[in-house]
Structure formats: structure tokens, C-alpha cells
Enquirer: 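There's a structure below that I have some questions on.
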Protein chains: 2
Amino acid sequence: MKQKTTSRTSNGPRKLHSTGSRSRKMPRHVTHTVLERLMHYYVCLSKYDPNIEWISSPHLASQFRVDDTQVRKDLALVGVKGRPNTGFRREQILDSIRRFLGLGRNLDAVIVGVGRLGSALVAYRDFRELGLNIVGLFDNDPRKIGTAVSGHTILPTARMKSFIRRRKPRIAILACPVFVAQILAYELVEAGICAIWNFSPTTLQLPDGVFVRNEHISIGLGEIAYHLLPS
Amino acid sequence: MKQKTTSRTSNGPRKLHSTGSRSRKMPRHVTHTVLERLMHYYVCLSKYDPNIEWISSPHLASQFRVDDTQVRKDLALVGVKGRPNTGFRREQILDSIRRFLGLGRNLDAVIVGVGRLGSALVAYRDFRELGLNIVGLFDNDPRKIGTAVSGHTILPTARMKSFIRRRKPRIAILACPVFVAQILAYELVEAGICAIWNFSPTTLQLPDGVFVRNEHISIGLGEIAYHLLPS
DNA sequence: CGGAGTTCGTGAAAAATTTCTCGATTTTCG
DNA sequence: CGAAAATCGAGAAATTTTTCACGAACTCCG
């Protein structure tokens with residue numbers, strides 16, 4: 001009952017994280033919301049023309065419909081210092097967020113389920129740039145096993161556990177059909193996976209200490225439909 | 001500067017919606033957060049065994065790590081009445097949320113960009129169940145044009161505008177490469193699209209009145225990486 | 001060099017969201 | 001039937017998040 005879970009929808013206990021030491025004056029609890037905002041800044045800024053050196057908080061704010069004060073507070077949180085009348089150094093924002101979130105450090109992952117969505121994720125360019133390293137692909141379909149997707153050979157799920165025990169990735173990306181998701185998730189945890197990024201439309205039940213992020217793709221449709229109402 | 005935009009990250013002006021009439025005692029402003037929670041309940045409950053007739057708020061809460069009071073408040077918002085000691089009628093929850101969000105009513109959509117992600121979205125089963133109707137597929141790649149994906153023939157983007165003007169879908173799902181996203185988005189708006197569900201990792205800039213939901217897939221990685229820290 | 005115009009940084013205020021409390025209601029079961 | 005257990009509903013309290021306000025810092029230019 002205390003599994004650490006998050007999803008875009010779940011707003012339950014938003015405190016994440018509870019152990020470990022971090023560098024000076026970085027707070028213990030950072031919420032879901034803040035983490036997403038930081039990541040958003042990061043992804044956006046990383047695609048800017050590298051010639052753009054300075055970014056002001058009002059500018060960044062206008063990109064995301066956030067208040068500029070909010071941007072400054074977020075940046076202060078990760079430890080970026082700005083310069084009055086000029087803004088913040090782009091590189092420094094990126095470095096600080098990267099370090100704060102821990103992007104690019106030991107982010108090995110396996111993808112489980114290489115259907116359409118799974119293979120889209122394997123090939124997703126941003127993942128690599130963000131430091132996410134796909135180290136293995138698993139699927140049950142005999143027709144897929146042995147074939148390669150984006151340079152990775154698909155292995156049978158029967159070999160998943162041993163692979164994970166040997167290679168020790170900490171992240172698993174679940175993109176399998178709903179009816180096997182829970183079982184596979186449990187196997188992943190047994191094999192030592194620490195975090196599950198779940199793209200299958202189920203809400204997984206997993207033991208404490210395993211971090212789950214449910215990425216239900218269709219959640220967004222609610223907002224769109226609502227917005228289109230009375231029509 | 002006042003384009004209505006939302007994304008999982010953007011927490012700016014969270015008020016959506018501003019016109020139109022809705023049935024009795026349904027409030028004017030419903031936030032992003034609430035909409036996502038409602039949708040989450042919906043997706044989850046719609047997959048339950050239909051034999052399960054009653055759902056209690058503590059039960060539903062435990063599924064999503066939300067407080068049970070929160071669940072009751074959310075359900076009260078959409079107008080579901082519960083029964084003490086028993087809970088809420090599953091069907092009634094689904095109906096109310098469906099009606100409240102406007103799922104299944106006039107949700108025609110085109111998908112623009114039929115790469116790996118695009119074709120995953122075309123085939124996404126939940127979309128259909130939620131009432132989202134894919135009516136057209138567009139891509140620029142000459143090798144794809146004319147071929148069919150999940151029963152839909154891919155048309156060239158050059159024919160996109162005329163198609164939309166004729167068929168009048170209100171939603172466009174963008175799953176194209178970043179460098180064409182902004183241009184295509186603008187064309188979509190010109191052709192009469194009301195809402196853009198953007199799966200390409202850019203933050204679109206569009207005129208007022210167009211609803212945009214940016215579904216940056218990699219946003220979730222920030223939270224996962226952060227959680228895995230100190231390691 | 002000095003004034004106009006930006007933007008930072010931060011503490012305080014406002015708004016919102018979430019959680020708590022508790023009486024009332026309904027079913028179950030002895 | 002009456003007590004026990006579970007849950008709803010709603011107002012109040014606590015917490016979190018966002019926005020406001022403003023002094024200080026810095027750049028640009030005439």
C-alpha cells in the first residue's frame with residue numbers, strides 16, 4: 001500500500017524521494033510538478049540554437065505559459081544564478097537541471113514489448129540525447145524474436161530476468177499488452193529493476209520501493225474532449 | 001500570447017474553458033489536474049470486469065494513490081451520487097465522467113505524421129473505445145503515401161487542408177518530426193482544426209483559441225532519473 | 001557619467017489543492 | 001430489531017503552489 005507510484009494523474013502523496021544525500025541546499029522533497037517543469041525547460045532549451053547564450057525568465061515563461069517568477073524559483077532550486085537585465089546562461093541551466101535530475105548517469109533501460117509503441121520508443125531520438133540507454137529489447141512473439149529494431153536484437157521474455165541480472169539496467173520501459181503487463185512488471189522487479197516506466201494502459205501494483213510512472217497515453221484525450229465541449 | 005495551451009508540465013493559468021453552457025451545477029473552471037484525474041478513473045474503471053457493480057472511494061483511491069476524500073470530491077463534481085457503506089455504481093461513474101468530459105461525441109481526428117509513433121497511435125485500441133475517431137492519416141514520405149495502416153490510407157500532406165475542410169474533424173494528432181511540426185500545426189489551424197494533440201517534442205506557438213496539448217514523451221524521464229539518484 | 005529600461009531574487013500575499021473531521025446513512029449479521 | 005462496520009458528504013483546516021510586489025543589479029545609450 002505504500003508503493004511509490006506516480007502518474008500524470010495521480011496527485012496523491014506528491015513527495016517523492018526519501019533517502020540519499022545531495023549537494024548543498026538542494027531540498028529533500030521535490031514534487032512531481034516541479035520535476036516535470038524542470039524537464040520541460042530542459043527538453044525545450046536543449047533544442048535551442050547553441051548560439052543563443054542568454055535566456056531570460058520572462059522569455060522562458062512565455063514558452064510554457066508559466067509565470068516568470070515561477071521560472072526563477074525553479075531555476076533557483078536547481079542552483080542556477082542569473083544576471084540582472086540579461087537572464088540565465090543557457091548552458092548553465094542545462095547543466096544544473098541535468099545534474100539535479102540525474103540525467104545521463106547510469107540510465108540503462110530495457111524495453112519490454114516491441115510492438116508499434118515499443119519500437120517507436122526504441123527509436124525515440126530524444127531518449128538517447130537525454131542519456132537514456134536502451135540495452136535490451138524483449139518480446140514474446142516468435143516472429144519478432146531474433147529480429148533487430150534500431151540496432152537491437154529482440155530477445156524472448158524468457159531470457160529477460162537473466163539478462164537483467166547480468167547487465168543490471170535499473171529502468172524498464174513497459175510497452176506490452178495490458179494482460180501481461182502486471183506479470184512482466186513483477187518479473188522485472190524480481191530481476192532487480194528499480195523503476196518502471198509503464199506505457200501500457202494499466203495501473204500496476206508493485207511492492208514498495210519500486211518506482212512506477214504510468215504514462216497512460218490516452219489521459220490527454222480527456223482534456224481535449226472537455227475543451228471541445230459545448231461545441 | 002494568450003493561446004490556450006496545456007501540457008503536463010505547464011502549470012500556468014490552469015483555468016481552461018470559458019464559454020458555453022453546461023448542465024446544472026457543473027462548475028465553469030475545471031483544472032488540468034482534475035481533468036486528468038477524472039480521465040484516469042475513467043480509463044481504469046472501463047477495464048474492470050463488468051460484473052463489478054459497486055466501487056467505493058477508498059478502493060478507487062488505493063488504485064491511484066489519491067486520498068479517498070479527493071475521489072469523492074471529484075465524483076461529486078461530475079455529479080455521481082454514492083451510497084453509504086457501498087460506494088458508487090461503476091456504470092454511473094463512467095457515464096457521468098463520459099458526459100462531463102464529452103468523450104465519444106464528435107471526436108473525429110486526423111493523424112499527421114505516420115512514423116513509428118504515428119502508426120502506434122493509429123492502432124491504439126483505447127482511442128477507439130474512448131470515442132476518438134481517426135478519420136485520416138497524412139504523411140510526406142512518398143514511400144508511405146498510398147499505403148494503409150490499420151485500415152487507413154496515408155494521404156500526402158498537400159491534401160491535408162482540403163481534406164480537413166471537407167471532413168471537418170476538430171482534432172489533429174501531431175506525430176511528425178520536430179522540424180515540420182510548427183508549420184503543419186499552423187496549416188491545421190488554418191484548415192479549421194480546434195485542438196492539437198502534439199506528440200512531437202516541440203512547444204508549439206499557435207494563435208488564440210486553438211487548444212494545444214503537448215504530450216512530450218520524454219518528460220517522464222526526469223522524474224525517473226531523479227528518483228534513481230543518489231544511486 | 002547618469003537615467004531609462006530590464007531582469008533577478010526573495011519575502012509576503014493570494015489562490016488552489018489536499019487532507020482532516022465528523023455526523024449521517026446504509027448494509028450486515030447476530 | 002439493534003449494534004457494528006463501512007462509506008458518503010461536506011465544511012473546516014492544513015498544505016502547497018502560484019502570483020504579487022519591490023529593492024537591487026546590470027546593461028545600454030545619449
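The basis for the numbers below is simple: all heavy atoms, side chains too, and nothing from hydrogens, waters or symmetry mates.
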Enquirer: Any idea which of D:dC8, C:dT17, D:dT19 is nearest the A:Gln70 side chain?
Expert: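 Minimum distance to the A:Gln70 side chain belongs to D:dT19.
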Enquirer: Whether the side chain of A:Lys73 and the base of D:dT17 hold a donor-acceptor pair under 3.5 Å is what I'd like checked.
Expert: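 Checked by distance alone, the answer is no.
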Enquirer: Given C:dT6, is OP1 or OP2 found less than 4.0 Å from the side-chain N or O atoms of A:Thr86?
Expert: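 It does not, given that no N or O in the side chain of A:Thr86 lies less than 4.0 Å from OP1 or OP2 of C:dT6.
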Enquirer: Using whole Å, report how far CG of A:Asp68 lies from C1' of D:dT17.
Expert: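 A:Asp68 atom CG is separated from D:dT17 atom C1' by 16 Å.
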Enquirer: Let me know the distance between CH2 of B:Trp54 and C1' of C:dT28, rounded to the nearest Å.
Expert: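 Distance, rounded to whole Å: 16 Å.
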Enquirer: Hey, is the side chain of A:Arg37 poking within less than 4.0 Å of OP1 or OP2 on D:dT18, counting only N and O atoms?
Expert: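 Yes, because at least one side-chain N or O of A:Arg37 sits under 4.0 Å from OP1 or OP2 of D:dT18.
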Enquirer: Assuming nearest nucleotide by heavy-atom distance, tell me which of A:Thr69 and A:Pro84 is located more 5' along DNA chain D.
Expert: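 Closer to the 5' end of DNA chain D: A:Thr69.
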Enquirer: With a 4.5 Å heavy-atom cut-off, do A:Leu107 and A:Phe127 have their side chains touching?
Expert: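 With C-beta onward as the side chain, the pair stays apart.
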Enquirer: Does B:Arg72 make a side-chain N or O approach to OP1 or OP2 of D:dA6 shorter than 4.0 Å?
Expert: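 For D:dA6, neither OP1 nor OP2 has a side-chain N or O of B:Arg72 closer than 4.0 Å.
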Enquirer: Begin from the C-alpha positions of B:Leu94 and B:Tyr48 and carry the test side chain to side chain contact (heavy atoms under 4.5 Å, CB included) through to its verdict.
Expert: CA-CA 11 Å; B:Leu94 290 173; B:Tyr48 269 43; over 6 Å; no
Enquirer: Report the distance from atom NZ of B:Lys81 to atom C1' of D:dT7, rounded to the nearest whole Å.
Expert: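 Going from B:Lys81 (NZ) to D:dT7 (C1'), I get 15 Å.
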Enquirer: So A:Arg83, base contact, sugar-phosphate only, or nothing? Heavy-atom distance under 4.0 Å.
Expert: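 Sugar-phosphate: the residue A:Arg83, judged by heavy atoms under 4.0 Å, touches backbone atoms but no base.
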Enquirer: In whole angstroms, how far is the P atom of D:dG9 from the CG atom of B:Leu77?
Expert: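 The distance from CG of B:Leu77 to P of D:dG9 comes to 13 Å, rounded to the nearest Å.
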Enquirer: Any side-chain heavy atom of A:His59 sitting closer than 4.5 Å to one from A:Asp68?
Expert: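 In short, these two side chains do not touch, never coming nearer than 4.5 Å.
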Enquirer: Provide, to the nearest angstrom, the distance between the CG atom belonging to B:Asp67 and the P atom belonging to D:dA13.
Expert: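 Nearest whole value for this atom pair: 18 Å.
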Enquirer: Rounding to a whole Å, what distance do you find between B:Phe88:CZ and C:dT26:P?
Expert: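 Result: 14 Å.
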Enquirer: Atom NE2 of B:His29 and atom P of D:dT18: how far apart are they, to the nearest Å?
Expert: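 Taking atom P of D:dT18 as the reference, NE2 of B:His29 is at 18 Å.
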Enquirer: Starting at CG of A:Asp74 and ending at C1' of C:dT10, how long is that distance when rounded to a whole Å?
Expert: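 Going from A:Asp74 (CG) to C:dT10 (C1'), I get 14 Å.
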Enquirer: From D:dC8, C:dT7, D:dA5, pick the nucleotide closest to the side chain of B:Asn85?
Expert: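 Per side-chain heavy atoms of B:Asn85, the pick is D:dA5.
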Enquirer: Below 4.0 angstrom, N of the basic side chain to O of the carboxylate: do A:Glu36 and A:Arg213 qualify?
Expert: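 Looking at A:Glu36 and A:Arg213, the cut-off is met.
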Enquirer: What nucleotide among D:dT18, C:dA16, D:dT7 has an atom nearest to a side-chain atom of B:Thr31?
Expert: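 For the B:Thr31 side chain, the nearest candidate turns out to be C:dA16.
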Enquirer: Give me the ring orientation class for B:His216 and A:His40: parallel if the planes are under 30° apart, tilted from 30 to 60°, perpendicular past 60°.
Expert: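 Geometry flag for A:His40 against B:His216: perpendicular rings.
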